[in-house]
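Heads up, the thing below is written out as structure tokens.
The residues of the chain are indexed from 1 along the displayed sequence. Heavy-atom basis, side chains included; hydrogens, waters and symmetry copies ignored.
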Amino acid sequence: MLVYPSSIDLSSRTLRFLTGRLVARRREIGTRWRRLTAGRQALLALARLRCGDTYTQLVAGFGIATAYRYIREAVDVLATFAPTLAEAMRIARTKAFVILDGTLLPIDRIAADTPYYSGKHKRHGMNVQVLTDPSGRLLWASPALPGSTHGLAAARTHGIVEALADADLKCWADKAYQGAGGSIRDPFRGRRLKRWQRRHNSTHAKIRCLGEQAMATLKTWRLLRKLRCSTNRITAIVQAVLVLHHASA
């Protein structure tokens with residue numbers, strides 16, 4: 001197999017951050033020796049998460065027998081540092097408002113896997129809810145739910161609606177969250193809207209589009225563009241990506 005050098009569009013600060021966490025993990029469990037150093041393991045995990053490289057490519061590039069355990073450990077270590085919804089609310093209280101949006105992370109499932117099929121997107125995937133600040137910076141990402149879950153149902157399942165109401169925090173969201181009530185503001189629906197309602201929707205869209213930019217930023221981590229792992233692992237992967245995103249900001 002031919003091997004060639006490549007690059008990852010991340011700063012060395014991100015690599016140092018993950019390396020430090022892996023060093024602490026190895027000390028905690030008393031690791032004596034491994035084929036890869038903590039730094040090389042961190043680089044391996046970043047190549048997987050950021051570039052979406054396959055295990056076959058990584059094994060050949062790093063000269064190891066298997067890459068799965070190295071990457072799983074790195075993901076699990078990072079996921080423990082992901083902010084909870086309560087922690088995100090404490091940060092959000094210092095902001096003027098937040099933006100709530102959802103995204104579908106595509107997965108490789110067959111037609112028989114009905115719970116994972118999104119009728120809106122016409123594909124199989126996992127539903128993830130995201131909160132961003134007024135500038136579009138990611139604050140929190142929810143655990144992943146089957147793709148057939150409606151946005152409002154997902155927000156209620158995760159307790160987002162109640163958390164926003166308790167924090168008395170204004171939130172902008174799209175039409176999928178209509179009926180949520182509380183502090184969640186959504187656009188008007190219908191074809192025959194009055195002029196002031198159309199102006200409201202236009203202003204609303206300009207604010208909410210920053211949340212869509214955050215979604216695009218999240219998917220610069222190419223592994224999230226098509227996940228080929230167990231659906232039970234997707235929440236940890238999303239949390240790991242969120243932690244790395246904050247570390248590289």
Side-chain angles (χ1 to χ4, degrees), residues 8 10-59 61-88 103 105-109 116 125-131 138-147 154 157-159 217-249:
I8 305 174
L10 292 171
S11 67
S12 56
R13 178 172 58 181
T14 308
L15 178 63
R16 290 195 299 269
F17 171 81
L18 180 51
T19 300
R21 298 299 179 272
L22 291 174
V23 168
R25 169 64 177 171
R26 293 187 179 195
R27 288 174 180 170
E28 179 185 348
I29 63 177
T31 299
R32 294 185 178 181
W33 180 88
R34 292 190 187 181
R35 178 82 176 186
L36 295 183
T37 64
R40 293 287 288 173
Q41 182 182 359
L43 188 62
L44 174 76
L46 292 177
R48 173 66 173 167
L49 295 171
R50 186 69 172 184
C51 304
D53 292 344
T54 65
Y55 289 127
T56 302
Q57 292 171 320
L58 295 171
V59 164
F62 283 82
I64 53 179
T66 178
Y68 175 78
R69 290 185 179 180
Y70 280 118
I71 294 170
R72 182 183 179 116
E73 181 183 45
V75 167
D76 290 341
V77 167
L78 287 169
T80 61
F81 293 94
T84 64
L85 180 58
E87 292 170 344
T103 187
L105 301 180
I107 60 174
D108 59 341
R109 287 296 181 272
Y116 300 102
M126 298 293 284
N127 180 304
V128 174
Q129 302 294 302
V130 171
L131 286 173
L138 287 165
L139 297 176
W140 176 79
S142 74
L145 293 175
T157 299
H158 299 308
T217 300
L218 188 66
K219 291 185 179 180
T220 57
W221 298 82
R222 296 176 184 84
L223 184 64
L224 298 182
R225 297 179 187 177
K226 185 63 178 288
L227 290 155
R228 295 178 172 83
C229 60
S230 168
T231 54
N232 296 327
R233 295 291 305 160
I234 294 177
T235 293
I237 292 172
V238 172
Q239 291 174 338
V241 167
L242 179 63
V243 171
L244 288 172
H245 173 74
H246 287 165
S248 60

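Pairing each heavy atom of T19 with each of G39, the nearest pair is OG1-CA, 3.6 Å. Closest approach of C229 to I234, counting heavy atoms only: SG-CG1, 4.0 Å. I64 approaches V59 most closely through the heavy-atom pair O-CG1, 2.7 Å. Closest approach of R222 and G52 over heavy atoms only: CB-N, 4.2 Å. In plain terms, the two heavy atoms of A45 and I71 that are nearest each other are CA-CG1, 4.4 Å. The two residues R228 and D108 have their closest heavy-atom pair at CA-OD1, 3.5 Å.
Annotation: the span from K219 atom NZ to L105 atom CG amounts to 6.0 Å, rounded to 0.5 Å. With values rounded to the nearest 0.5 angstrom, H245 atom NE2 is found 14.0 Å from L49 atom CG. Separating the CG atom in L242 from the CG atom in L78 is a distance of 10.5 Å, to the nearest 0.5 Å. F17 CZ to L22 CG: the interatomic distance, rounded to the nearest 0.5 Å, is 10.0 Å. Distance CG/L18 to OG/S248: 11.5 Å, rounded to 0.5 Å. Distance check, rounded to the nearest 0.5 Å: CD of Q129 to CG of L145 gives 8.0 Å.
R48 forms no cation-pi arrangement with Y68, by the criterion of a distance under 6.0 Å to the ring centre and an angle within 45° of the ring axis.
In this structure, the side chains of I237 and W221 stay at 4.5 Å or more apart for every pair of heavy atoms.
T235 contributes a side-chain N or O that, together with a main-chain N or O of A144, makes up a donor-acceptor pair within less than 3.5 Å. The closest donor-acceptor contact from the side chain of Q41 to the backbone of Y70 lies under 3.5 Å. Distance alone, capped at 3.5 Å, is enough to place a donor-acceptor pair between the H246 side chain and the L138 backbone.
Under a cut-off of 6.0 angstrom, the local environment of CZ in R34 is crowded, with over 12 non-hydrogen atoms contributed by other residues, nucleotides or ligands. Heavy-atom contacts from other residues, nucleotides or ligands closer than 6.0 Å to CZ of R225 number more than 12.
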- [ ] Check the pair D76, R233 against side chain to side chain contact (heavy atoms under 4.5 Å, CB included), reporting the backbone distance first and the verdict last.
- [x] CA-CA 9 Å; D76 290 341; R233 295 291 305 160; 3.0 Å; yes
Take E28 and R25, measure what side chain to side chain contact (heavy atoms under 4.5 Å, CB included) needs, and give me the verdict at the end. CA-CA 5 Å; E28 179 185 348; R25 169 64 177 171; 4.1 Å; yes
For L85 and L131: C-alpha separation, side-chain torsions, deciding distance, then whether side chain to side chain contact (heavy atoms under 4.5 Å, CB included) applies.
CA-CA 9 Å; L85 180 58; L131 286 173; 4.0 Å; yes
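Of the listed residues (V128, T103, V75), just one forms a side-chain contact (heavy atoms from CB on, under 4.5 Å) with V238, and that residue is V128. Of the candidates T14, T220, L223, L244, R50 forms a side-chain contact (heavy atoms from CB on, under 4.5 Å) with just one, namely T220.
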